[in-house]
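Positions are given from 1 along the sequence. Hydrogens, waters and symmetry mates play no part in the numbers below; they use all other heavy atoms, side chains included.
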Amino acid sequence: MSDSWKESKIVSSQSLQDRLESVRSLSSDEYEQYEIAKDRETGEHYLHYAYLHRNFAAVGPGAGEAEVFHHLMPLDSDEVLGPLFNDEPYQYPQHWTKPFLRNGPEGDYVWFDPSYAEDQEADEALANTIAEELARFREAGDLSEEAVRKLLEKIDRSKEKDS
């Protein structure tokens with residue numbers, strides 16, 4: 001049995017070409033395609049998302065040429081059944097919440113962890129809370145040691161609630 005791609009930091013496009021086979025198409029149009037795919041050698045399943053991109057921002061030869069990008073999100077045995085039989089949503093990016101392989105211009109695939117977006121939202125919410133507390137502190141005008149201590153305690157409580 002071959003090594004799982006889950007154990008590699010970088011997966012060659014040749015390895016994917018050699019081992020990946022389509023199990024069933026989920027949806028397709030002229031710009032996007034979704035399918036369940038399987039690694040022939042390990043039996044692992046993936047949700048495969050391919051999309052067509054045209055880089056109109058590029059200048060010179062090759063501007064606007066079509067390029068296809070691929071994403072492969074590992075699916076556990078139970079997860080394979082959801083999109084196939086239960087109409088569970090699978091659209092990228094909103095339903096891609098765990099690490100997945102994605103390719104780039106060099107052709108190799110690397111793991112991408114989308115969880116940073118959730119962390120970023122929480123960090124922004126905390127920053128807004130702190131900014132509001134600071135604004136109230138400035139408005140009050142009390143710069144005593146006791147007032148500063150209370151402000152810092154409030155901020156600490158906000159950080160603890162957020163964690």
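Glu146 and Arg149 are joined by a salt bridge, as a carboxylate oxygen and a charged side-chain nitrogen come within less than 4.0 angstrom of each other.
Rounding to the nearest 0.5 Å gives a distance of 4.0 Å between CD1 of Ile155 and CG of Leu151. Taking NZ of Lys154 as the start and OG1 of Thr129 as the end, the distance is 11.5 Å to the nearest 0.5 Å. Separation of atoms CD (Glu132) and CD1 (Ile130) is listed at 10.5 Å; rounding is to 0.5 Å. Glu7 contributes atom CD, which lies 10.5 Å from atom OG1 of Thr42 (distance to the nearest 0.5 angstrom).
Criterion: ILVMFWY side-chain heavy atoms under 4.5 Å apart, direct or through other members. Under it, Met73 and Val110 are not part of a common hydrophobic cluster. Both Tyr90 and Phe69 sit in one connected hydrophobic cluster of ILVMFWY residues. Membership requires side-chain heavy atoms under 4.5 Å apart, directly or through other members. In terms of hydrophobic clustering, with Ile, Leu, Val, Met, Phe, Trp and Tyr side chains grouped at heavy-atom distances under 4.5 Å, Tyr31 and Val68 are assigned to a common cluster. The hydrophobic clustering, which links ILVMFWY residues whose side-chain heavy atoms are closer than 4.5 Å, places Ile10 and Leu72 apart. Tracing side-chain contacts under 4.5 Å through hydrophobic residues (I, L, V, M, F, W, Y), one reaches Tyr51 starting from Tyr34; they form part of the same cluster.
When the options Phe100, Tyr46, Tyr109 are evaluated for a ring-ring contact (aromatic ring centres under 6.0 Å, His included) with Trp5, the one that passes is Tyr46.
Using a 4.5 Å heavy-atom threshold, the side chains of His45 and Ile36 count as touching. Contact annotation: the side chain of Leu143 approaches that of Phe137 to within less than 4.5 Å [non-hydrogen atoms, C-beta and beyond]. Residues Tyr92 and His71 have side chains in contact (heavy-atom distance under 4.5 Å, counting atoms from C-beta outward). Between Glu44 and Ser4, some side-chain heavy-atom pair lies under the 4.5 Å cut-off. Side chains of Leu26 and Leu47 form a contact here, defined as non-hydrogen atoms less than 4.5 Å apart.
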Could you walk me through whether Lys150 and Glu153 pass salt bridge (Lys or Arg N to Asp or Glu O under 4.0 Å), step by step?
CA-CA 5 Å; Lys150 285 180 180 179; Glu153 286 173 356; over 6 Å; no
Does Asp18 form a side chain to side chain donor-acceptor pair (under 3.5 Å) with Gln14? I'd like the steps, not just the answer.
CA-CA 6 Å; Asp18 293 345; Gln14 187 62 51; 2.8 Å; yes
Stepwise side-chain contact (heavy atoms from CB on, under 4.5 Å) check, Val148 with Asp142
CA-CA 8 Å; Val148 171; Asp142 182 0; over 6 Å; no
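Pairs of residues two or more places apart, or lying in two chains, that qualify as salt bridge (charged side-chain N to carboxylate O under 4.0 Å, His left out) and include a residue from residues 29-40 are Arg19-Asp39, Glu21-Arg40.
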Extract all donor-acceptor atom pairs below 3.5 Å that involve side chains of residues 74-81 and protein atoms in other chains or at least two apart in sequence.
{"residue": "Glu79", "atom": "OE1", "partner": "Asp76", "partner atom": "N", "Å": "2.6"}
{"residue": "Glu79", "atom": "OE1", "partner": "Lys98", "partner atom": "NZ", "Å": "2.7"}
{"residue": "Glu79", "atom": "OE2", "partner": "Lys98", "partner atom": "NZ", "Å": "3.2"}

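Judged by distance alone, the side chain of Trp111 and the main-chain N or O of Val11 form no donor-acceptor pair under 3.5 Å. At distances below 3.5 Å, at least one donor-acceptor pair connects side-chain atoms of Asn103 with backbone N or O atoms of His70.
Remark: Phe112 CZ is packed, more than 12 non-hydrogen atoms of other residues, nucleotides or ligands lying under 6.0 Å away.
Listed here is the closest heavy atom pair of Ser13 and Asp108: N-OD1, 3.9 Å.
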